[in-house]
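Quick note: numbers below take in every heavy atom, side chains included, and nothing from hydrogens, waters or symmetry partners. This chain uses plain numbering: 1 for the first residue, then up along the sequence. Fair warning: this is a prediction, and the values are worked out from it, not measured in the lab.
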Amino acid sequence: MDTSAPINLRYEDIALGEEFETAVHTVTEADIAVFADVTRDHHPLHIHSSYARSRGFPAVIGHGLFGLSLMEGLKSELKLYEETSVASLGWDEVKFKGPIVAGDALRVRFRFVEKRPTKNPERGIVVETLDLLNQRDEVVTAARHISLILTRQAARDATSAT
């Protein structure tokens with residue numbers, strides 16, 4: 001677990017075009033099985049390696065939503081918005097481009113592509129494009145994520161309230 005200090009980007013800190021890459025996570029059969037248990041999706045592609053092999057995969061494969069969830073988890077380990085995130089406003093243009101196979105070493109590469117203020121001067125909207133890449137640099141999942149984060153105004157207001 002990363003215990004380094006959070007970066008805590010605020011809306012004004014977001015530089016369009018800036019790119020980040022996460023640490024690598026090697027997916028295990030146990031990771032996929034736990035996700036199957038949590039989501040109650042026990043399709044044999046996700047829990048029976050012999051079935052997955054009969055369908056042309058070398059091992060069990062992760063659910064598409066497992067990949068999407070892993071993208072968010074790996075990104076959150078960077079602590080970019082540890083104390084400045086207000087909410088995830090959604091995921092758009094999600095594409096499952098390739099299988100996530102047990103044993104894959106996955107990482108996320110993402111870039112800030114858009115930002116806009118909200119009616120509330122304490123919050124702004126940030127849009128990221130993200131790719132989940134395997135050890136062969138193949139994109140297995142691609143998406144856009146919209147986040148609501150605090151502005152510097154929110155920090156000033158919090159300071160003046162104390």
Linking Ile, Leu, Val, Met, Phe, Trp and Tyr by side-chain heavy atoms under 4.5 Å, what else ends up with V38?
V34
Could I get the full list of salt bridge (Lys or Arg N to Asp or Glu O under 4.0 Å) partners for R40, not counting sequence neighbours?
none
CD (E12) and CZ (R152) are apart, to the nearest 0.5 Å, by 5.5 Å
Please walk me through it: do I47 and I32 pass side-chain contact (heavy atoms from CB on, under 4.5 Å)?
CA-CA 7 Å; I47 59 173; I32 296 168; 5.8 Å; no
Measuring from K97:NZ to N134:CG, what's the distance to the nearest 0.5 Å?
12.5 Å
Examine distances only and state if a side-chain atom of T84 and a backbone atom of L150 form a donor-acceptor pair shorter than 3.5 Å.
no
Transitive ILVMFWY side-chain link L68 to L132, under 4.5 Å:
yes
Quick one: closest heavy-atom pair of A105 and V24, and the distance?
CB-CG1, 3.6 Å
Here the pair of heavy atoms bringing A143 nearest to V94 is CB-CG2, 3.9 Å
Transitively linked via ILVMFWY side-chain contacts under 4.5 Å: F110 with I7?
yes
Would F96 and L133 show up in the same hydrophobic cluster when neighbours are defined by side-chain heavy atoms closer than 4.5 Å?
no
At their closest point, which heavy atom of V108 faces which heavy atom of M71, and how far apart are they?
CG2-CA, 3.6 Å
Would you call L89 and I125 a side-chain contact if the rule is heavy atoms closer than 4.5 Å?
yes
Distance in Å, T118 OG1 paired with Y11 OH, rounded so as to fall on 0.5 Å steps
8.5 Å
Run R111 and E18 through side-chain contact (heavy atoms from CB on, under 4.5 Å) and show every step you take.
CA-CA 6 Å; R111 181 170 40 95; E18 187 171 12; over 6 Å; no
Considering all heavy atoms of both residues, which atom of Y81 and which atom of N8 are nearest to each other, and what is their separation?
C-OD1, 3.9 Å
Could you walk me through whether V126 and I146 pass the side-chain contact (heavy atoms from CB on, under 4.5 Å) check?
CA-CA 6 Å; V126 175; I146 301 98; over 6 Å; no
Between the main-chain N or O of G124 and the side-chain N or O of T151, is there a donor-acceptor pair closer than 3.5 Å?
no
Indicate yes or no for a side-chain donor-acceptor contact from K115 to the backbone of V127 under 3.5 Å, with no hydrogens or angles considered.
no
Audit row: I100, V27, side-chain contact (heavy atoms from CB on, under 4.5 Å) steps and yes/no
CA-CA 8 Å; I100 295 170; V27 177; 4.1 Å; yes
Once side chain to side chain donor-acceptor pair (under 3.5 Å) is applied, what residue pairs with a partner in residues 54-63 remain, sequence neighbours excluded?
Y51-R55
Answer with yes or no whether the hydrophobic clustering places L65 together with V101; edges join I, L, V, M, F, W, Y residues whose side-chain heavy atoms lie under 4.5 Å apart.
no
Less than 4.5 Å apart, any side-chain heavy atom of F66 and any of T141?
no
List the atom of L106, the atom of L74, and the distance in Å for their closest heavy-atom pair.
O-CD1, 4.0 Å
Using side-chain heavy atoms (C-beta onward) and a distance below 4.5 Å, is T22 in contact with L78?
yes
What pair of heavy atoms forms the shortest contact from I149 to S85, and how long is it?
CG2-CA, 4.2 Å
Please list all pairs passing the salt bridge (Lys or Arg N to Asp or Glu O under 4.0 Å) test where one or both residues lie in residues 62-76, with sequence neighbours left out.
E72-K75, K75-E128
So, do I61 and H46 sit near enough that their side-chain heavy atoms are less than 4.5 Å apart?
yes
Please check if the side chain of H145 supplies one atom and the backbone of W91 the other of a donor-acceptor pair under 3.5 Å.
no
T28: which residues meet the side chain to side chain donor-acceptor pair (under 3.5 Å) condition with it, sequence neighbours left out?
D31
Pairs flagged by salt bridge (Lys or Arg N to Asp or Glu O under 4.0 Å) wherever residues 129-151 is involved - sequence neighbours left out
E93-R144, R107-D137, E114-R144, R136-E138
